[in-house]
Amino acid sequence: MRILTGNDLKTGDVIWWTGEGWSRHLAEAVDAGHDAESILAREDAERRVNAGYVVEAELTGSGPMPLHIKDRIRASGPTVRADLGINSSIPIVKA
C-alpha cells in the first residue's frame, strides 16, 4: 500500500491524501498505488500540498499504518504533547 503525505500550506499540519483531497486524519488515507507520483506532481503544481511524498504502509483494522517509524511519529502528532495530536491513538511502535 502506498499512501501520500505532506504538509498543509496554510497551517503546516501533516496531511494525508484521501483520493479526493487532503485530510489531517491518517485513517482517511487511501492507497495511491502506481499513480502516487503523478498525484503528488499535480497536487504540488496546484499548491495544495507542501513537501509531499509517498509512504509505504499496511492496511490494518484501524486503517492505513505507515511502515516506517518516522511516518508513524508524524501521524501521531507532537511528541512533546501527545494530548495535542489529532491521530494520537496511533501506536509509534508496532505491537
Side-chain angles (χ1 to χ4, degrees):
M1 176 175 210
R2 300 174 81 208
I3 59 177
L4 306 178
T5 189
N7 294 92
D8 183 272
L9 288 166
K10 293 180 183 175
T11 65
D13 290 342
V14 174
I15 53 177
W16 306 90
W17 177 249
T18 68
E20 297 178 8
W22 296 90
S23 172
R24 294 173 57 208
H25 302 279
L26 174 61
E28 296 177 5
V30 298
D31 186 5
H34 298 295
D35 297 326
E37 286 79 8
S38 62
I39 293 168
L40 281 176
R42 181 187 70 230
E43 293 296 301
D44 184 55
E46 294 292 326
R47 305 249 187 245
R48 289 191 277 252
V49 65
N50 183 47
Y53 63 97
V54 178
V55 172
E56 296 296 327
E58 64 183 351
L59 190 56
T60 70
S62 303
M65 176 64 64
L67 295 179
H68 195 279
I69 192 167
K70 172 192 150 207
D71 297 305
R72 290 195 301 269
I73 291 169
R74 284 183 79 244
S76 67
T79 56
V80 294
R81 289 278 312 270
D83 60 310
L84 297 177
I86 191 161
N87 296 298
S88 59
S89 64
I90 296 169
I92 300 301
V93 179
K94 291 171 61 174

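From a predicted model like this one, the values you see are computed outputs, not experimental measurements. The analysis underlying the following values was restricted to heavy atoms, covering all of them including side chains, and did not include hydrogens, waters or symmetry mates.
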Exercise for the section: Decide whether V55 and V14 are clustered together by the hydrophobic rule: side chain heavy atoms of Ile, Leu, Val, Met, Phe, Trp, Tyr closer than 4.5 Å, transitively. Expected result: yes
Completion exercise
CZ (R74) and NZ (K70) are apart, to the nearest 0.5 Å, by 6.5 Å
Exercise for the section: Check the pair N7, I15 against side-chain contact (heavy atoms from CB on, under 4.5 Å), reporting the backbone distance first and the verdict last. Expected result: CA-CA 6 Å; N7 294 92; I15 53 177; 5.6 Å; no
Practice task
Kindly indicate, with the supporting measurements, whether the criterion side-chain contact (heavy atoms from CB on, under 4.5 Å) is fulfilled by L4 and V54.
Solution key: CA-CA 5 Å; L4 306 178; V54 178; 3.8 Å; yes
Problem - For A32 against I39, the heavy-atom pair lying closest together - result: CB-CD1, 4.1 Å
Exercise for the section: Applying salt bridge (Lys or Arg N to Asp or Glu O under 4.0 Å), name anything that partners R48, two or more places apart in sequence or on another chain. Expected result: E43
Completion exercise
Value for CG (L26) from OG1 (T18), rounded to nearest 0.5 Å, stands at 12.5 Å
Completion exercise
Separation between CD (E46) and CG (L9), nearest 0.5 Å, reads 12.0 Å
Completion exercise
CG (N50) and CZ (R47) are apart, to the nearest 0.5 Å, by 9.0 Å
Side-chain donor-acceptor pairs under 3.5 Å in residues 59-67, sequence neighbours left out?
unit_1, atom_1, unit_2, atom_2, d
T60, OG1, S62, N, 3.2
T60, OG1, G63, N, 3.4
T60, OG1, G63, O, 2.6

Problem - W17 vs I3 side-chain heavy atoms within contact, under 4.5 Å - result: no
Handout entry: Salt-bridge present (E37, R2; N to O < 4.0 Å)
Key = yes
Problem - Sidechain-backbone polar pair: T11 side chain, D8 backbone, donor-acceptor under 3.5 Å - result: no
Handout entry: Sub-6.0 Å ring centroid separation between W16 and W22
Key = no
